[in-house]
Structure formats: structure tokens, C-alpha cells
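Each remark here refers to the structure printed beneath this line.
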Amino acid sequence: MNHYKIVKKVIDDWDPKQFLHQTPEDEYNPEIRYIVELLPTATSVEKLAVVIREVFIEKLDEVYSIDTCYPIALKIWDNVNYSRFPKNDS
């Protein structure tokens, strides 16, 4: 599974703004693409939580705590790093 699909599944399942019940399923795609782009800079789950927090601040002007972002980062981290699927960024 590629990184985009992993991040999309986790972010869509989270649905932080509760948009997906009333908007198209691509609602978070800009944020997802940006998170995927920044994945190489995240060298730990903690750093990935910071990336996720910063993306949502920048893109949606929405502030989430690191404690809120950490479980999301952990799901992405585990799926990207411990998946049985080949890794690629497309």
C-alpha cells in the first residue's frame, strides 16, 4: 500500500472536522498530500504528530493538540513502517 493510501485512510477515519458525512470523500486530500510530502522529515512518531498538527494549522486554520495528533501519527507510522506492502510514495 502506498503512503498516500495509508495516510488517506487514517485521516479519513479520523475525520477531524467531521466533514465527510456531508462533503466529498476528497475533502482532506490537500492535507493528506502535504502530510505524505513531509513524511520523510518525520523521524519518529512524535515528530509525525507535530507534522500533522502543523499541516492542519496551516491548511485548515485548526489547532489540534499533540495529544490529539499522536494516535493518528502512530497509526500512520505503524502502517508506513511495518506494513507488509512495498514502500513507495506514489
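What you see is a predicted model; the values in this text were computed from it and never measured.
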According to a 4.5 Å side-chain heavy-atom criterion applied to Ile, Leu, Val, Met, Phe, Trp and Tyr, with indirect links allowed, do Ile66 and Leu39 form part of one hydrophobic cluster? no
Within the 4.5 Å heavy-atom criterion, are Tyr28 and Pro16 side-chain neighbours or not? yes
4.5 Å side-chain heavy-atom contact, Tyr70 and Asp67: no
Which heavy-atom pair separates [X] from [Y] by the least distance, and what is that distance?
{"X": "Val36", "Y": "His3", "answer": "CG2-O, 3.9 Å"}
{"X": "Gln18", "Y": "Gln22", "answer": "O-NE2, 4.1 Å"}
{"X": "Asp13", "Y": "Lys9", "answer": "OD2-NZ, 2.7 Å"}

Yes or no on side chain to side chain contact (heavy atoms under 4.5 Å, CB included) for Tyr34 and Val7, after CA distance, side-chain angles and deciding distance? CA-CA 10 Å; Tyr34 200 42; Val7 174; over 6 Å; no
Nearest-0.5 Å distance, OH of residue Tyr4 to CG of residue Asn29: 3.0 Å
Roughly how far apart are Ile6 CD1 and Ile35 CD1, rounded to 0.5 Å? 13.0 Å
So, Asp15 side chain and Leu20 main chain: donor-acceptor pair closer than 3.5 Å or not? yes
Expected list for residues 46-63: side-chain donor-acceptor pairs under 3.5 angstrom, two or more places apart:
unit_1, atom_1, unit_2, atom_2, d
Glu46, OE1, Ser44, OG, 3.4
Lys47, NZ, Thr43, OG1, 3.3
Arg53, NE, Tyr64, O, 2.7
Glu62, OE1, Lys17, NZ, 2.8

Tell me whether the count of non-hydrogen atoms from other residues, nucleotides or ligands lying under 6.0 Å of NZ in Lys75 goes above 12. no
